[in-house]
Protein chains: 2
Amino acid sequence: MSARVRIKDIAEKVGVSTALVSYVMNGKEKEKRVGQDIVKKIREAAGELNYQPNRIAQSLRTGSTKTIGLIVADIAIPFFGQLARVIEDEASKNGFTVIIGSSDEDAIKQGSLIDTFSYRQVDGLIIVPSDGTADQIAALVKQGMPLVLMDRYFPELETCHVCLDNYKASYEAVNHLISQGYQQITMIAYRSGMIHMHERIRGYREAMAAANFANYIKVLEVPYSFSRTETENSIEKCINGNKEIDALLFATNSLTTAGLNYINKMGIKVPDEIGIVGYDGNEAFDFFYAPITIVEQPLNEIGTKSVNTLISLMNDPDKIVRFDLSHSLNIRKSSR
Amino acid sequence: MSARVRIKDIAEKVGVSTALVSYVMNGKEKEKRVGQDIVKKIREAAGELNYQPNRIAQSLRTGSTKTIGLIVADIAIPFFGQLARVIEDEASKNGFTVIIGSSDEDAIKQGSLIDTFSYRQVDGLIIVPSDGTADQIAALVKQGMPLVLMDRYFPELETCHVCLDNYKASYEAVNHLISQGYQQITMIAYRSGMIHMHERIRGYREAMAAANFANYIKVLEVPYSFSRTETENSIEKCINGNKEIDALLFATNSLTTAGLNYINKMGIKVPDEIGIVGYDGNEAFDFFYAPITIVEQPLNEIGTKSVNTLISLMNDPDKIVRFDLSHSLNIRKSSR
DNA sequence: TTATTTTGCTTAATCGATTAAGCGGAGTAA
DNA sequence: TTACTCCGCTTAATCGATTAAGCAAAATAA
């Protein structure tokens, strides 16, 4: 690599000390009383040499890397990809760079990502926490690491979070199905200890109970798996032979996809034989012969709020804020 | 944040100099002849204090950040999200962390990402270059920045690249359509100066010519736009009223999506009235009533080869290697 | 015994920036 | 004239690690 230009090179060229150059480069020429002509000379020299400060050296000295670590379940999943993009843009607006890691919903992987990011001295973390990682998160809080949880959180921990109001989302999704005449509504969810799943299920249950359909309440909890085939099999096993279902509420995008594959395979008619509502949009659902009604999350809001909350946390470490944002129900053919 | 443990803390605890601690932490205790009992004591102390080296300080000293910068068009697009995931995993296997940026196919954005990444001292870059950025890439090469281009490249520049053999892919896609009895095959591509687009078009043209369908050759070049609606309109304008088309070859994922929306809207029958082949897989295409035949790229291979090429380039800067990998044609209902 | 090598450690420079402290000289006040 | 304040700059410590150079003691060779 052609010799990088250092602050020292500029200092030598102009014939001053490195301190002056640093002051000027950081816009402190007034405060530090640098002479006008020197300021000009330094600016010119910096321009000519195309000086770019070395962020690593700056980071070591100032203790701030201007870097945010983002841990999602899997950046290849469109939901997280889109969120990552919003976060990238918002971070960049504020002078931060984002490093991204995928945990695969696995506690061990999440732990090693946290380690990697933390010894790279990130200024803060945005995490979509995996099941069973409350201890990891608690440890971060104890360390004083600025931290925002996204999509899910641990009610027992004092952390900032930006999530969906999942209870309300499920409740209204169920109400919508009921308003369309569906009664025997089954929910298909992941088996998980995480709050977002619990809330989605709770919303379903309470909406069903409120409509006096308590006896139709049925929740199918599928174990999490990367293999779509495996997920499909689990769903198949449970729907199969079950005549007493006239609608399905899927708790996630991937469950919806798996479920639709099964429904396609079996030739079940949507929305006549079965009504469907899923979570999180996806191009795929537009192309299903009966476009799928979805609970849509405010991705932009989630992403920007996460970043801004994190940044304000860096300045004011004790200000805990929590957001439970509202969904929008995008009603289409699969539920009417 | 609770006081970070430094090498000095360990040195003081054990009662030795920081040099010894550094040697032991880097596994150089043999080479540097550190006494056995001291090695043990240092290891113990490091464990007790839970020492994690400060990567920033290491980077400043060693000149290597163990970081790779990845610039894609948009991390929210599944194709790039999946690629990013493969790259993340392969990089991590080799001790590297990835920072990601989205250029939106825009030269200015790409330029500022390169600046950001380079002044963060990344050890190398993997770039999906935007149209009109040959000068940026040339500048990087001149600087000696280890660099791998992905998905596209500039034939006039001496760089490593990992791409698809786009010519062959289009050629075979067209041959497939022809073998299914289609003749009036139109290609829908983006207007772009980039080689990948040219090659896709060239493959189409030559396959058509070879089959004596030269008079049916028609390439529709759509200007790139973020707005799907806009893209749809462009496509609509060109297909509309054009009776002399019995098959469409879409040059990208997003064009396929836009095209299918139009086809859906118009109620055109696939594959009877029109045959379809698209580039790059996508869940969405599975759910189209006639699942779409696609040119599939070897994502894993592209990602891992990009990372490995980049790493070998860091050690051996002059070794230029170029990969033009083979696609696989995933034949489904839309083309038979 | 003396000279040489080996062993096991310390010292201190260094990476590239930031920034508190200090130092002359000019200007102002007494 | 002397004392004080400002101004404009330099010096040097610092962040946390790495690593070449060097030193004293012990071991070995002559």
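Quick note: numbers below take in every heavy atom, side chains included, and nothing from hydrogens, waters or symmetry partners. Each chain gets a letter, A, B and so on, in the order its sequence line appears, and its residues count up from 1.
The distance between atom CD of A/Glu31 and atom P of D/dC7, rounded to the nearest whole Å, is 14 Å. Separating the NZ atom of B/Lys40 from the C1' atom of C/dG8 is a distance of 18 Å, rounded to the nearest angstrom. What separates CG of A/Leu60 from P of C/dT18 is a distance of 12 Å, to the nearest Å. If you take CD1 of A/Ile7 and P of C/dT19, they are 11 Å apart, rounded to a whole angstrom. Distance, B/Lys8 NZ to C/dT11 P: 13 Å, rounded to whole Å. In this structure, A/Arg33 places its CZ atom 11 Å from C1' of C/dG22, rounding to the nearest Å. One can place OH of A/Tyr119 at 22 Å from P of D/dC15, the figure rounded to the nearest angstrom. One can place CG of A/Leu20 at 14 Å from P of C/dT19, the figure rounded to the nearest angstrom.
With contacts defined as side-chain heavy-atom distances shorter than 4.5 Å, the pair A/Leu164/A/Pro298 qualifies. Between A/Arg43 and A/Val24, some side-chain heavy-atom pair lies under the 4.5 Å cut-off.
Nucleic acid contact for B/Ile38: sugar-phosphate only, since backbone atoms but no base atoms lie under 4.0 Å from a heavy atom of the residue.
Put simply, the side chain of B/Tyr23 and the base of D/dA20 share a donor and an acceptor less than 3.5 Å apart. For B/Arg61 against C/dT14, a side-chain-to-base donor-acceptor contact under 3.5 Å is present.
Cation-pi geometry between B/Lys305 and B/Phe323 is met: under 6.0 angstrom from the ring centre, within 45 degrees of the axis.
Side-chain N/O atoms of B/Gln58 include one lying less than 4.0 angstrom from OP1 or OP2 on D/dT18. Taking 4.0 angstrom as the limit, B/Lys32 places a side-chain polar atom (N or O) nearer than this to OP1 or OP2 of D/dA20. For D/dG16, one of the phosphate oxygens OP1 or OP2 lies less than 4.0 angstrom from a side-chain nitrogen or oxygen of B/Arg6. Close to C/dC15, at under 4.0 Å from its OP1 or OP2, lies no side-chain N or O of A/Asn54. Contact annotation: A/Lys28 reaches the phosphate of C/dT19 (side-chain N/O to OP1 or OP2, under 4.0 Å). Within the 4.0 Å cut-off from OP1 or OP2 of C/dC9, not a single side-chain nitrogen or oxygen of B/Ser17 is found.
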(message) Quick one, A/Lys66 with A/Asp123, criterion salt bridge (charged side-chain N to carboxylate O under 4.0 Å, His left out). Give me CA distance, side-chain angles, the key distance, then yes/no.
(response) CA-CA 6 Å; A/Lys66 284 293 203 171; A/Asp123 290 342; over 6 Å; no

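The residue among A/Ala19 and B/Asn26 whose nearest nucleotide of DNA chain D is located toward the 5' end is A/Ala19.
In this structure, the nucleotide among D/dC9, D/dT18, D/dG16 sitting nearest to the side chain of B/Ala57 is D/dG16.
Nearest heavy atoms, B/Leu147 versus B/Leu313: O-CD2, 3.3 Å.
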